[in-house]
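When a ligand or atom number is given, it counts from 1 through the structure's own listing order.
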Amino acid sequence: GLFGNKGWKPAWRDPAPKAEYDAIIIGGGGHGLSTAYYLAKNHGLTNIAVLEKGYLGSGNIGRNTTIVRANYFLQGNSEFYSHSMKLWEGLEIDLNYNVMHSQRGLINLFHSDGQRDAFVRRGNSMINQGDDAILLDREGVREMLPYLDFEQTRFPIYGGLYHPRGGTARHDAVAWGYARAADKRGVDLIQNCEVTGVDIENGRVTGVQTTRGAIKARKVGIVVAGRSSQVAAMAGMRLPIESHILQAFVTEGLKPVIDHVVSFGMGHFYISQSDKGGLVFGGDLDFYASYASRGNLPMVEHVMEAGMTLMPMIGRAKVLRSWGGIMDMSPDGSPIIDKTHVDGLFIDCGWNYGGFKAVPASGWCMAHLMATGESHPVAARFKLNRFATGHILDEEGTGSQHN
Ligand code: FAD
């Protein structure tokens, strides 16, 4: 597509690291870039840097299956994801960047009376939060998704919870959009710069050690998703986070066939169709802790089986490629955006398999915390000490559709 186009200017600068910044964000994924952007935009902090060990967007922000939704149940989560959805809805104008946000609607299927009850509760909670939810019966689902197998008896389709404002966005465009907008406001985006140590004096952070030298800062945010435990360990912390692989798959490009996001929680399978025509789908985690960003064959088989059960027509499509990303799994399925025991050191992690949709609100709330020292009201429950006090936000089930 770029054939013949010459002399294109880079979308952001490539600055050398300065000796000192007012604030440093470790990690140039979706959350790190959005944190930097909102620090600059909402709080006027522009002498800041994002330090990324690879290239911007090389982590999960460019590896996810792009689903955006606000269908969480528990207070603490629901207002946060609702806030995120509102930011998504204005994001392209705000960033002046086409992130291909497409509110094509998300349908969570249910397969038993008990599951229907749970989805009715969830739908009511979503509506109370100000988001949208519509309960579909079996015929309602058949009308919208006629290609599903309604005859299968192992997991008969009873209906679905339809979330019209849910949908997808182009994942790496989100990283690029935030990167360009942050750069424009003066943020230094420094690639190929791995943080190897966190400097602490008398209980206060003073800067970081990197593969491009030491950099001073009185505020440092750790926003490294799957690598959270490793980077936090540099500051002497042991996080309640396990890193696991989540795989995803895409088929060859096909003519439009799936015009929603469909989630089949019972079979651990979900699917949508990209604007390029590929069927994008995935399933469950590979069930062992790992820092390898690629998965293993048993889960490939499991995902393909689930896909065939739900929509046998998928057996006609050819899988083009598969990949994996490192998920920062928290014990209760909810994230952490909090201060740490070190003054000036903050952490944003625990996004499990659902952190893409959170990118705008996570950056918004992390920036608020780093600038003001106070938790943003919609992220007030994302405290690190909840695992010690027992005030957990157990919403792992929401992620059981793995998106
Ligand atoms: P990343 O992009 O991984 O950013 C972290 C960055 O930190 C990386 O670029 C890394 O290189 C950098 N880093 C690490 N260590 C260091 C260091 N020492 N120094 C400097 N930099 C460092 N979420 C959804 O909401 N919807 C979905 O449909 C969805 N599907 C998914 C499907 C798959 C297959 C995967 C893997 C994830 C999915 N997710 C989904 C989850 C989502 O992608 C993540 O929760 C989210 O992207 C994590 O935040 P991030 O973008 O900041 O992470």
Side-chain angles (χ1 to χ4, degrees), residues 24-36 49-72 81 84-85 88 106 166-169 171-172 174-175 178-179 190-198 208-212 215 220-234 243-250 261 263 270-272 280-286 291 293-295 299 303 322-330 335 348-363 366 398-399 401-403:
I24 282 174
I25 311 297
I26 312 175
H31 294 241
L33 291 167
S34 66
T35 299
V50 174
L51 309 181
E52 166 54 48
K53 75 171 176 165
Y55 59 90
L56 297 182
S58 53
N60 290 339
I61 187 65
R63 293 167 182 268
N64 63 73
T65 41
T66 79
I67 299 169
V68 172
R69 56 183 165 90
N71 63 350
Y72 284 68
Y81 288 99
S84 209
M85 180 64 91
W88 276 108
L106 167 89
T168 58
H171 49 12
D172 34 24
V174 173
Y178 273 114
I190 301 171
Q191 307 183 65
N192 299 312
C193 182
E194 179 170 357
V195 170
T196 53
V198 175
V208 293
Q209 298 293 320
T210 80
T211 47
R212 296 178 68 175
I215 308 177
V220 174
I222 302 176
V223 195
V224 293
R227 300 277 173 181
S228 296
S229 303
Q230 290 176 326
V231 176
M234 296 173 193
S243 290
H244 286 259
I245 305 307
L246 183 66
Q247 302 193 53
F249 309 85
V250 66
V261 180
S263 197
Y270 65 93
I271 188 161
S272 66
V280 178
F281 57 96
D284 214 340
L285 294 175
D286 280 29
Y291 286 112
S293 33
R294 61 163 188 229
M299 191 48 68
V303 171
S322 69
W323 62 92
I326 314 167
M327 319 286 24
D328 37 333
M329 304 300 295
S330 67
D348 174 316
C349 67
W351 294 101
N352 296 266
Y353 16 58
F356 177 62
K357 69 185 72 61
V359 163
S362 166
M366 181 66 166
T398 318
Q401 289 83 33
H402 304 294
N403 44 53

Please enumerate all residues that pass side-chain contact (heavy atoms from CB on, under 4.5 Å) together with R212, with sequence neighbours excluded. P17, I190, C193, T210
If you measure from OG1 on T211 to CG on L51, what distance do you get to the nearest 0.5 Å? 9.0 Å
Ring centroids only, cut at 6.0 angstrom: are Y81 and W88 within range, meaning strictly under it? no
Considering only heavy atoms, does M327 approach ligand 1 within less than 4.0 Å through its side chain, its backbone, both, or neither? side chain
Which residues satisfy the side-chain contact (heavy atoms from CB on, under 4.5 Å) test with D286, sequence neighbours excluded? I245, Q247, Y288, N296, M299
Option set T168, N64, V174, V223, criterion heavy-atom distance to atom 29 (C) of ligand 1, minimum: N64
Using a 4.0 Å heavy-atom threshold (strictly under), name the region of N352 that reaches ligand 1: side chain, backbone, both or neither. backbone
Relative to ligand 1, is C193 under 4.0 angstrom through side chain, backbone, both or neither, heavy atoms considered? backbone
Identify, by atom number and element, the atoms of ligand 1 in contact range of I61, meaning under 4.0 Å from any of its heavy atoms. 1 (P), 2 (O), 47 (O), 51 (O)
I271 vs V280, side-chain contact (heavy atoms from CB on, under 4.5 Å): CA-CA, chis, key distance, verdict: CA-CA 6 Å; I271 188 161; V280 178; over 6 Å; no
Which of the atoms in ligand 1, numbered in the order shown and given with their element, are less than 4.0 Å from a heavy-atom of I26? 19 (N), 20 (C)
Distance filter under 4.0 Å to A225 heavy atoms, resulting ligand 1 atoms: 3 (O), 48 (C), 49 (O), 53 (O)
Quick one: look at D328 and ligand 1, take heavy-atom pairs under 4.0 Å, and tell me if it's side chain, backbone, both or neither. neither
Run down the list K53, R63, H31 and name the one with the heavy atom closest to atom 33 (C) of ligand 1. R63
Between S34 and V359, is there a donor-acceptor pair closer than 3.5 Å when you use the side chain of the first and the backbone of the second? yes
Who's closest to atom 39 (N) of ligand 1 heavy-atom-wise, of F356, Y353, F249? Y353
Pick from G30, G354, G28: the one approaching atom 51 (O) of ligand 1 most closely through a non-hydrogen atom: G30
Side chain, backbone, both or neither: I326 near ligand 1, heavy atoms under 4.0 Å: neither
Ligand 1 and R227, any nitrogen or oxygen pair closer than 3.5 angstrom? no
Working to the nearest 0.5 Å, report the span between CZ of R227 and NZ of K53. 4.0 Å
Output the distance between atom CG (L33) and atom CD1 (I61), rounded to the nearest 0.5 Å. 8.0 Å
Take T66 and H171, measure what side-chain contact (heavy atoms from CB on, under 4.5 Å) needs, and give me the verdict at the end. CA-CA 6 Å; T66 79; H171 49 12; 3.8 Å; yes
Is there any N or O on Q247 that sits under 3.5 Å from an N or O of ligand 1? no
Taking only heavy atoms of V231 into account, list the atoms of ligand 1 that are under 4.0 Å away from them. 18 (N)
